[in-house]
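Notes for the one structure printed next.
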Amino acid sequence: MTKTSKDKTPTGLTRRTVLSGAAAVGLAGVARAQAPGEIKVGLIVPLSGIYTRPGQVMKMGAEMGIEHINAQGGIKALGGAKLKLVVIDCGDTTEKAKNAAQRMVAQEPDLVAATGSYLSSFTLAVTEVTERAELPVLTLSYSDLLTDRGFKYIFQPAAPASRQSELGLPTLMKLAENASGKKPKTVAMLMDNTATSVATAKALKEKLFAQEGLQLVVEEVWTPPLSDATPLIQKVRSAKPDLLLFMPNAVSDAKLGLEKISEFGLGQGKIPTVSFSITIAEPDMLQSVSPETVQGIMTIVANWGSKGHEALIAELKTKYKEPWMTQNVISTYGDMWLMKEALEKAGKADRNAVAQAFRTMDAGPSKYYPGGQLKFDEKGRRVGAGVVIVQWQSGVPVTVYPPELAQAQPFWPKKSS
């Protein structure tokens with residue numbers, strides 16, 4: 001039987017040939033969807049402005065995670081597909097962060113997940129955009145608001161700020177009592193007005209100070225960057241509290257405050273000082289304050305390089321010349337492994353499938369975050385997420401709590417009378 005003109009396309013190919021080719025292309029497309037050679041994941045962090053430093057170390061953590069995952073065979077459920085990191089600078093304001101998120105979702109439509117954005121204020125803005133794009137985002141940011149909005153595509157491996165306060169403050173009070181024989185009775189609180197600090201302070205003032213018998217005698221709030229810490233520290237010196245909670249989120253603010261604390265003769269344990277962010281334990285703090293100035297200062301954080309992370313810490317030192325592993329590195333490193341876990345569970349490089357994998361994940365004990373499980377509740381918060389207490393000891397901030405992660409024993413700086 002000969003083929004008629006009706007069986008041919010304008011290009012002269014038979015319809016069977018075209019259909020066969022289309023089928024082949026379709027099958028190839030399915031094959032690519034099932035086993036892509038490369039899967040893009042995003043990192044949206046500040047890489048310009050006053051928060052550049054945290055963004056840089058988060059990038060280090062992401063790069064290490066991806067390198068290790070790819071070296072160990074990539075995503076096995078997708079034929080060994082490799083992860084590829086897409087880095088987006090979210091700048092140093094909420095407006096810039098929102099614009100960066102809009103660029104990210106427009107220019108990188110094949111991202112399957114992302115992590116970032118450091119400051120909770122930035123993450124609140126970024127996730128307004130990523131939620132509409134149905135892009136799952138992991139974040140180290142603390143604010144309770146992040147996961148109180150009913151969003152379906154945000155996942156918080158870190159304990160939220162209120163929970164960190166609930167876990168951390170009672171432990172600090174026990175440390176003080178064990179070391180000095182008595183609990184602090186009065187507290188001063190100096191904080192910036194970023195979303196994390198606001199959420200932390202809310203939990204402290206509404207519940208935890210009263211629960212621990214603490215009287216708030218000074219409360220001062222500034223908008224970063226801090227221009228002069230003198231009036232803040234003068235109020236602390238006049239009130240002579242038993243405990244100072246100092247909560248900066250920019251290294252420049254932390255340096256100004258600590259320099260003024262030292263200048264006024266309140267440092268080195270004369271007023272025991274505790275923070276609720278990693279800023280005060282960043283390596284570049286030592287560029288302008290001495291190890292003696294920060295000796296004994298503690299901070300309550302969501303994560304830190306701790307016992308069990310020795311090989312990672314050694315690699316970070318060798319590869320990036322970082323003196324220790326802050327939460328920004330270890331958490332972002334862990335986020336890459338969490339994305340791998342979700343992709344293995346999803347079985348396809350599709351952002352909605354990855355989001356659903358996060359929602360239904362139950363991957364056992366956490367290796368790169370303190371406490372809890374690799375599992376998220378209905379709000380997107382990691383189940384059982386804990387905290388780490390870090391203390392400056394001999395020029396290095398080391399993990400002193402919880403005991404199973406501790407690198408050293410804690411001590412309480414005794415207040416002089």
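Along the sequence shown, residues carry numbers from 1.
Considering T223, T279, N249 in turn, N249 is the only one that fulfils the side chain to side chain donor-acceptor pair (under 3.5 Å) rule with D192.
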**OP:** Go through the steps to decide whether W412 and M298 satisfy the test side-chain contact (heavy atoms from CB on, under 4.5 Å), and finish with yes or no.
**Re:** CA-CA 9 Å; W412 185 257; M298 295 186 188; 4.1 Å; yes
Start with the C-alpha gap between F376 and L138, add the side-chain angles, then the distance that decides, and say whether side-chain contact (heavy atoms from CB on, under 4.5 Å) holds.
-> CA-CA 11 Å; F376 294 94; L138 299 168; 4.2 Å; yes
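Considering all non-hydrogen atoms of both residues, K240 and R237 come closest at CG-O, 3.3 Å. Across every non-hydrogen atom of L232 and E220, the tightest pair is CD2-CB, 3.5 Å.
The aromatic ring centres of Y142 and F276 sit 6.0 Å or more apart.
Distance CD/Q327 to OG1/T332: 9.0 Å, rounded to 0.5 Å. In this structure, the separation between CG on L338 and NZ on K367 is 13.5 Å, given to the nearest 0.5 Å.
At least one side-chain heavy atom of W324 sits less than 4.5 Å from a side-chain heavy atom of P283. Looking at R103 and N99, their side chains come closer than 4.5 Å, going by heavy atoms from C-beta outward. At a threshold of 4.5 Å between non-hydrogen side-chain atoms, the residues R381 and D144 count as touching.
Panel note: side chain K379, backbone Q156; no donor-acceptor pair is recorded below 3.5 Å. No donor-acceptor pair under 3.5 Å is formed between the side chain of Q56 and the backbone N or O of L47. No donor-acceptor pair under 3.5 Å is formed between the side chain of R149 and the backbone N or O of E128. In terms of modelled atom types and a separation under 3.5 Å, the side chain of Q356 and the main chain of A346 share no donor-acceptor contact.
Relative to the ring axis of Y153, R132 does not place its NZ or CZ within 45° and under 6.0 Å from the centre.
Using the six-membered ring where Trp is involved, F246 and W222 have ring planes that are tilted, between 30° and 60° apart.
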